[in-house]
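First comes the structure, then the notes that go with it.
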Amino acid sequence: FFLNTFLVAGLTVILNVLLASLAAYPLAKLRFRGRDTLFYIILGTLIVPEQLTMIPLYMLMTQTLGLGNTLIGLVLPFSVSAFGIFLIRQNYKAVPDDLIEAARLDGANDLAVWWRIMIPLARPGLAALAIFTFVGAWDRFLWPLLMLNDPQLYTLPLGLTYLNSQFSANARNIAAGTIIATIPMLVFFVAAQRYFIQGLSGAVKG
């Protein structure tokens, strides 16, 4: 259960940080027609309840892509989020345009500007996004419950309910498992907490 959850949470964090940082760069620093409209459309998806998308996502993962009862099927629907794009975009907005112009005068293309300037300066925002994403992926219960039917692929939230059978329940084991399950989240937060407040404050100022 721990290994499955680490794989799902780790892949979800990596994909969110990578894809959100890539998507946020043109929305923050490039000028093109419809940029603000596109951003507000992305932002508008935040008002859609996650439960409302469960059925179409389930049909897409199982019937169209054939990823039912797989760990990849747990990761792909949450590989990028509108909140992540918003958070990183606001951090990017705080980066002075003069730095980007200087890099372009030195011959850097947009990909080089993103990698060498935007990513290092937005590191606090990326850390904050990583924390939010890790906690969400680690605690997610409903989606794995829909997607998985093999106990060998269960994540920790499902594994804890697996300890509680229909005819018996070991409260001590469940309580111990719950406490152990929170330790990785605490460790991850402590490791990145020095960036957390700074990343959120950068998003507010942006």
Side-chain angles (χ1 to χ4, degrees), residues 1-24 41-88 126-192 196:
F1 299 154
F2 258 104
L3 179 59
N4 293 336
T5 312
F6 269 118
L7 288 174
V8 171
L11 285 174
T12 305
V13 168
I14 292 172
L15 288 175
N16 265 272
V17 170
L18 177 63
L19 296 178
S21 61
L22 281 170
I41 291 174
I42 294 174
L43 203 61
T45 62
L46 289 173
I47 68 175
V48 179
E50 182 178 309
Q51 292 77 9
L52 194 63
T53 64
M54 285 292 177
I55 293 177
L57 274 179
Y58 178 79
M59 296 177 64
L60 176 65
M61 290 293 109
T62 56
Q63 299 179 12
T64 305
L65 299 179
L67 295 176
N69 201 36
T70 63
L71 295 181
I72 295 298
L74 302 184
V75 175
L76 283 183
F78 304 96
S79 58
V80 68
S81 66
F83 170 76
I85 295 174
F86 165 75
L87 180 65
I88 304 305
L126 296 175
L129 175 60
I131 291 174
F132 281 118
T133 304
F134 183 83
V135 172
W138 191 269
D139 282 342
R140 190 166 287 119
F141 175 77
L142 182 56
W143 183 246
L145 180 64
L146 292 175
M147 290 292 292
L148 301 178
N149 52 42
D150 183 1
Q152 297 296 323
L153 297 176
Y154 280 2
T155 55
L156 268 175
L158 287 183
L160 291 175
T161 61
Y162 190 66
L163 296 176
N164 187 13
S165 66
Q166 182 178 358
F167 300 103
S168 64
N170 192 324
R172 292 181 179 180
N173 286 347
I174 297 174
T178 303
I179 293 174
I180 293 173
T182 62
I183 293 177
M185 289 188 293
L186 293 175
V187 172
F188 190 80
F189 178 78
V190 169
F196 184 69

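Each residue takes its place number in the sequence, starting with 1.
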Least distance between heavy atoms, [X] atom then [Y] atom:
{"X": "Leu19", "Y": "Ser79", "value": "CD1-O, 3.7 Å"}
{"X": "Ile42", "Y": "Ala82", "value": "O-CB, 3.3 Å"}
{"X": "Phe134", "Y": "Pro184", "value": "CE2-O, 4.0 Å"}
{"X": "Ala20", "Y": "Leu129", "value": "CB-CD2, 3.8 Å"}
{"X": "Met61", "Y": "Gly73", "value": "SD-O, 4.0 Å"}
{"X": "Gln152", "Y": "Asn4", "value": "O-ND2, 2.9 Å"}

How long is the span from the [atom1] atom in [X] to the [atom2] atom in [Y], to the nearest 0.5 Å?
{"X": "Met54", "Y": "Leu146", "atom1": "CE", "atom2": "CG", "value": "6.5 Å"}
{"X": "Phe78", "Y": "Leu15", "atom1": "CZ", "atom2": "CG", "value": "13.0 Å"}
{"X": "Leu158", "Y": "Thr155", "atom1": "CG", "atom2": "OG1", "value": "4.5 Å"}

Using modelled atom types and a 3.5 Å cut-off, is there a donor and acceptor pairing between side-chain atoms of [X] and backbone atoms of [Y]?
{"X": "Thr5", "Y": "Leu156", "answer": "yes"}
{"X": "Asn149", "Y": "Asn69", "answer": "no"}
{"X": "Asp139", "Y": "Pro157", "answer": "no"}

Looking at side-chain heavy atoms only, is the closest gap between [X] and [Y] below 4.5 Å?
{"X": "Leu11", "Y": "Leu74", "result": "no"}
{"X": "Val75", "Y": "Leu71", "result": "no"}
{"X": "Phe1", "Y": "Leu160", "result": "no"}
{"X": "Ile85", "Y": "Val80", "result": "yes"}
{"X": "Thr70", "Y": "Leu153", "result": "no"}

TODO: Could I get the full list of side-chain hydrogen bond (donor to acceptor under 3.5 Å, both in side chains) partners for Asp150, not counting sequence neighbours?
DONE: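 With neighbours one apart ignored, the set is empty.
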- [ ] Using ring-ring contact (aromatic ring centres under 6.0 Å, His included) as the criterion, list what pairs up with Tyr154, not counting sequence neighbours.
- [x]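 With sequence neighbours excluded, Tyr154 shows a ring-ring contact (aromatic ring centres under 6.0 Å, His included) to Tyr162, given in chain and number order.
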- [ ] Would you indicate whether Ile55, at its atom CD1, is surrounded by more than 12 heavy atoms from other residues, nucleotides or ligands within a distance under 6.0 Å?
- [x]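 No - once you tally the heavy atoms of other residues, nucleotides and ligands closer than 6.0 Å, there are 12 at most.
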Open item on the list: Check this for me: Leu46, atom CG, are more than 12 non-hydrogen atoms of other residues, nucleotides or ligands nearer than 6.0 Å?
Closed with: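 More than 12 heavy atoms, drawn from other residues, nucleotides or ligands, come within 6.0 Å of this atom.
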Open item on the list: Can you pull out every side chain to side chain donor-acceptor pair (under 3.5 Å) where at least one residue sits in residues 42-68? Sequence neighbours excluded, please.
Closed with: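 Qualifying pairs, neighbours excluded: none.
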- [ ] Take the angle between the ring planes of Phe83 and Phe132 and call it parallel below 30°, perpendicular above 60°, tilted in between.
- [x]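 Phe83 vs Phe132 ring planes: perpendicular.
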